[in-house]
Amino acid sequence: MLEQKQSKKPPRLAIIALMAAGLAVVLVFTLTPWNFVPTQVTEDVTVLAVTEHGCVGESQYGVSVVVPQCSAQVGDIVSATFYVPSMELNGYYDRLQDRVDVVTP
C-alpha cells in the first residue's frame with residue numbers, strides 16, 4: 001500500500017479571526033475612539049447675532065452655538081449647552097501637535 005502524506009492546514013476561519021482581532025487592537029490604539037465621543041458642555045457665551053432660530057454666540061472652543069428661544073440682545077451673555085468632541089476638552093489636540101512638532105525639524 002502506498003502511504004500518502006497529508007499536511008494539515010490551519011483553518012481559514014481561525015486565521016481570519018486572528019487578523020481581525022489584531023486589526024481591531026491596532027485601530028483602537030491608533031484612533032483612540034474615546035477622543036471622538038461628544039461631551040456636553042454648558043458655558044456662558046456672548047450673543048453675536050439674533051436670528052429667527054435664536055441667539056448666536058461663539059464658545060471658548062471656537063464652536064458657533066445657537067440658543068433657541070432667546071430674547072437677549074447683541075452683546076448680552078447667555079448660558080448655552082452644546083456638544084464638543086472630547087479631544088477638545090482633554091488636550092488630545094495639544095499632545096498630537098506636540099508630537100508633530102518633535103518630528104518636524
Side-chain angles (χ1 to χ4, degrees):
M1 265 199 172
L2 295 173
E3 272 187 47
Q4 291 183 349
K5 283 190 174 181
Q6 289 185 338
S7 61
K8 193 167 190 174
K9 294 182 183 177
R12 284 189 182 186
L13 186 58
I15 292 173
I16 292 172
L18 285 173
M19 289 174 61
L23 180 63
V25 168
V26 168
L27 288 177
V28 164
F29 286 111
T30 302
L31 298 178
T32 55
W34 48 87
N35 285 317
F36 298 103
V37 175
T39 302
Q40 188 175 17
V41 175
T42 300
E43 178 182 311
D44 289 336
V45 296
T46 303
V47 176
L48 300 175
V50 179
T51 66
E52 65 272 4
H53 300 290
C55 299
V56 179
E58 185 175 0
S59 76
Q60 70 179 7
Y61 301 107
V63 177
S64 294
V65 180
V66 177
V67 180
Q69 301 173 354
C70 176
S71 60
Q73 301 296 322
V74 175
D76 290 348
I77 296 175
V78 295
S79 180
T81 301
F82 54 96
Y83 289 95
V84 293
S86 294
M87 67 181 82
E88 296 277 342
L89 301 175
N90 65 15
Y92 178 73
Y93 276 146
D94 298 333
R95 289 184 305 219
L96 192 62
Q97 187 63 39
D98 290 343
R99 289 181 190 168
V100 169
D101 290 342
V102 169
V103 173
T104 309

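These numbers come from the heavy atoms of this one structure, side chains and all, not from hydrogens, waters or symmetry mates.
Scored by the side-chain contact (heavy atoms from CB on, under 4.5 Å) test, V50 finds V47, C55, V74 as partners (sequence neighbours excluded). Evaluation of the side-chain contact (heavy atoms from CB on, under 4.5 Å) rule for L18 yields no partner, not counting sequence neighbours. Partners of T39 according to the side chain to side chain donor-acceptor pair (under 3.5 Å) rule, which considers only residues two or more places apart in sequence or in another chain, are S86. Among residues two or more places apart in sequence or in another chain, the side chain to side chain donor-acceptor pair (under 3.5 Å) test is passed with T42 by T81. Remark: I15 pairs with P10, M19 by the side-chain contact (heavy atoms from CB on, under 4.5 Å) rule, at least two apart or across chains. A search for side-chain contact (heavy atoms from CB on, under 4.5 Å) contacts involving S71 returns nothing, not counting sequence neighbours.
Placement of V41 and V63 within a single hydrophobic cluster is found when ILVMFWY residues are connected by side-chain heavy-atom separations under 4.5 Å, directly or transitively. Under the 4.5 Å side-chain heavy-atom criterion for ILVMFWY residues, a single connected hydrophobic cluster contains both V65 and V84.
In the displayed structure, Q40 atom CD is contacted under 6.0 Å by more than 12 heavy atoms of other residues, nucleotides or ligands.
Residue V78 comes nearest to C70 through the heavy atom pair CG1-SG, 4.1 Å, listed as atom of the first residue, atom of the second, then distance.
A side chain to side chain donor-acceptor pair (under 3.5 Å) check over residues 43-54, counting only residues at least two apart or in different chains, returns nothing.
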